[in-house]
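In what follows, chains are A, B, ... by sequence order, proteins preceding strands, each numbered from 1.
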2 protein chains.
Amino acid sequence: MTQSETPIAAPAEQSGEKKLSRIQQRNRTRIMEAALDVFSAHGFRGATLDQIAKAAGLSKPNLLYYFDGKEAIHVMLLNRLMETWLNPLQELDPNGDPLEEVMGYIHRKVQMSREFPRESRLFANEILQGAPRMKPHLESGLKPLVDEKTALLRQWMDEGKLAAVDPRHLLYSIWATTQHYADFEVQIDVLSPSDEDPFEGADAYLDTLFRKLLTP
Amino acid sequence: MTQSETPIAAPAEQSGEKKLSRIQQRNRTRIMEAALDVFSAHGFRGATLDQIAKAAGLSKPNLLYYFDGKEAIHVMLLNRLMETWLNPLQELDPNGDPLEEVMGYIHRKVQMSREFPRESRLFANEILQGAPRMKPHLESGLKPLVDEKTALLRQWMDEGKLAAVDPRHLLYSIWATTQHYADFEVQIDVLSPSDEDPFEGADAYLDTLFRKLLTP
DNA sequence: TCGTCAATTTACCAAGTGGTAAAAATTCAG
DNA sequence: CTGAATTTTTACCACTTGGTAAATTGACGA
């Protein structure tokens with residue numbers, strides 16, 4: 001039986017998910033890990049199945065036994081990423097203290113850049129090259145959430161709880177400044193004094209920056 | 001005579017530069033234009049010589065008559081980019097009004113994102129993927145300039161002309177926020193209301209953001 | 001107008017790449 | 001222990017891609 005005929009194909013987030021054997025679970029995880037490494041470092045076209053297979057400790061045909069192809073691996077990574085990525089924004093609580101909610105969001109984003117730089121770069125690579133495989137996701141996943149949260153921000157501003165600025169550009173600047181530390185890490189490392197952790201400084205600096213902006 | 005033996009190879013920025021024939025001038029320019037298009041959209045490995053040749057209106061062998069190879073074209077683009085890119089920061093004038101100098105720098109950067117999005121993305125692609133062909137340039141070109149300008153910023157802060165913040169992170173946040181509009185253009189376009197120009201809003205928003213931060 | 005050098009085309013490769021078929025090895029329920 | 005199903009390997013292949021050799025055409029000054 002060839003893999004193009006097996007019904008195993010569709011994995012995670014399906015209804016039946018527990019059906020994966022121990023060995024399948026292990027190898028799929030390994031592959032996703034390896035693929036994240038390679039894709040985030042070289043982009044989609046820059047990455048090769050051989051690199052991914054090697055990093056996962058499998059042969060290329062074996063790798064293709066688990067996934068339907070290069071594209072399928074990439075798409076699955078992006079799907080998984082989307083959730084992780086939207087999470088911090090979703091947690092913006094309408095009932096919390098406005099300023100502290102936004103500041104909390106910022107700190108969470110800094111932390112994500114520090115803990116998941118590969119994910120950040122995977123995302124950046126995809127967007128930078130026109131989001132050929134992610135545009136639909138942006139429309140259906142990100143857009144509604146951003147619309148919802150910008151409305152919330154605008155409300156807070158109308159109530160005088162936050163200084164009035166364009167909420168969309170506020171979000172853009174939060175994303176830009178926080179993700180910059182992961183996406184442009186090489187540059188940061190060249191420019192930053194080697195005796196200090198850029199993320200420490202980033203957290204403090206961004207706190208000042210956005211607090212000054214948003215304090216009514 | 002094959003092109004691997006012709007002495008024509010080494011182009012621009014050499015001592016003898018006027019020696020290029022009209023036809024050479026024209027084709028080299030076309031190639032650089034085409035290469036900028038393709039490299040900025042797909043990254044180094046994602047770009048193909050065929051794409052570049054087609055975009056330049058030349059055959060692939062003909063293209064390789066003008067440049068020594070894919071890498072050579074990319075390197076030349078990066079070299080040319082470096083100057084353009086450092087320019088705005090260099091113009092930060094020690095004798096000008098501190099706050100207005102920094103704000104001017106920010107506006108120049110926004111304008112560059114708007115006018116040269118391809119250059120911004122070319123740079124972002126290179127850095128994102130570990131700057132394999134640009135690390136030396138960062139060390140030798142960007143680093144000294146940044147050291148010089150951060151010293152200037154620190155001096156202004158010590159004199160009470162600017163609010164005291166970490167000057168390095170200040171630069172990072174300026175780069176991040178301004179280049180974001182070019183590098184993440186696809187995302188911005190998905191999220192922004194179609195009836196307004198993101199760059200207009202960006203310019204106004206970033207003015208507020210950094211003015212609030214830096215006003216003593 | 002002719003000869004020479006510059007520019008371009010045609011016809012190729014060798015290596016790398018995504019992917020497949022089928023045999024071999026391994027796992028595991030009964 | 002055994003046979004069926006799963007997993008892995010071996011041996012490929014078609015296509016793309018960066019690059020080259022050599023012949024052909026075009027430009028242009030003497």
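- B/Phe116 pairs by the side-chain contact (heavy atoms from CB on, under 4.5 Å) definition with B/Met112, B/Glu119, not counting sequence neighbours.
- Counting only residues at least two apart or on different chains, the salt bridge (charged side-chain N to carboxylate O under 4.0 Å, His left out) pairs with a member in residues 37-52 of chain B are B/Asp37-B/Arg118, B/Asp50-B/Lys60.
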*If a protein heavy atom is under 4.0 Å from the base, mark B; if only from the sugar-phosphate, S; if neither, -; do that for nucleotides 23-30 of chain C going 5' to 3'.*
-----S--

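- Residues forming a side-chain hydrogen bond (donor to acceptor under 3.5 Å, both in side chains) with A/Ser113 (at least two apart in sequence, or on another chain): none.
- Both A/Pro61 and A/Gly46 lie near DNA chain C, and the one whose nearest nucleotide falls closer to the 5' end is A/Gly46.
- C/dG19 atom C1' lies 16 Å from atom CZ of A/Phe67, rounded to whole Å.
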Protein and nucleotides 12-17 of chain D: nitrogen or oxygen contacts under 3.5 angstrom:
| from | atom 1 | to | atom 2 | distance (Å) |
| --- | --- | --- | --- | --- |
| D/dT17 | OP1 | A/Arg45 | NH2 | 3.0 |

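- Computed from coordinates, the A/Arg28 CZ to D/dT8 P distance equals 12 Å when rounded to whole Å.
- Contact between the side-chain N/O atoms of B/Tyr65 and the OP1/OP2 oxygens of C/dA7 is found at a separation under 4.0 Å.
- Residues that satisfy the salt bridge (charged side-chain N to carboxylate O under 4.0 Å, His left out) test with B/Lys143, not counting sequence neighbours, are B/Asp147.
- Annotation: of the two residues near DNA chain D, A/Leu58 and B/Phe44, the 5′-most nearest-nucleotide partner is A/Leu58.
- Within the structure, the salt bridge (charged side-chain N to carboxylate O under 4.0 Å, His left out) test picks out the following pairs touching residues 126-139 of chain B (sequence neighbours left out): B/Glu71-B/Arg133.
- A straight line from CG of A/Leu63 to P of D/dT7 spans 14 Å, rounded to a whole angstrom.
- Taking atom CD of A/Glu71 as the reference point, atom P of C/dT17 lies 18 Å away to the nearest angstrom.
- Residues A/Glu33 and A/Arg28 are not paired through a salt bridge, judged by the lack of any N-O separation under 4.0 Å between the basic side chain and the carboxylate.
- Residue B/Asn27 places at least one side-chain N or O under 4.0 Å from the OP1 or OP2 atom of C/dT8.
- Atom CG in A/Asp68 sits about 10 Å away from atom P in C/dG19, given to the nearest Å.
- Between B/Gln24 and the phosphate of C/dA6, there is no side-chain N or O to OP1/OP2 separation shorter than 4.0 Å.
- Around atom NZ of B/Lys54, no more than 12 heavy atoms belonging to other residues, nucleotides or ligands sit under 6.0 Å away.
- Remark: C1' of C/dG18 and NE2 of A/His74 are 16 Å apart, rounded to the nearest angstrom.
- OP1 or OP2 of D/dT9 sits under 4.0 Å from a side-chain N or O of A/Ser59.
- Rounded to whole angstrom, the span from the CG atom of B/Asn62 across to the P atom of D/dG18 amounts to 17 Å.
- By the salt bridge (charged side-chain N to carboxylate O under 4.0 Å, His left out) test, B/Glu101 pairs with no residue at all, sequence neighbours left out.
- Within residues 31-40 of chain A, no residue is approached by DNA chain D to less than 4.0 Å at the level of any non-hydrogen atom.
- Sequence neighbours left out, the pairs with a member in residues 187-202 of chain A that pass salt bridge (charged side-chain N to carboxylate O under 4.0 Å, His left out) are A/Arg114-A/Asp197, A/Arg114-A/Glu200.
- A search for side-chain hydrogen bond (donor to acceptor under 3.5 Å, both in side chains) contacts involving A/Glu148 returns nothing, not counting sequence neighbours.
- Distance OH (A/Tyr66) to C1' (C/dG19): 18 Å, rounded to an integer number of Å.
- Qualifying side-chain hydrogen bond (donor to acceptor under 3.5 Å, both in side chains) partners for B/Gln90, counting only residues two or more places apart in sequence or in other chains: none.
- Residues B/His169 and A/Tyr181 place their aromatic rings such that the two centres sit under 6.0 Å apart.
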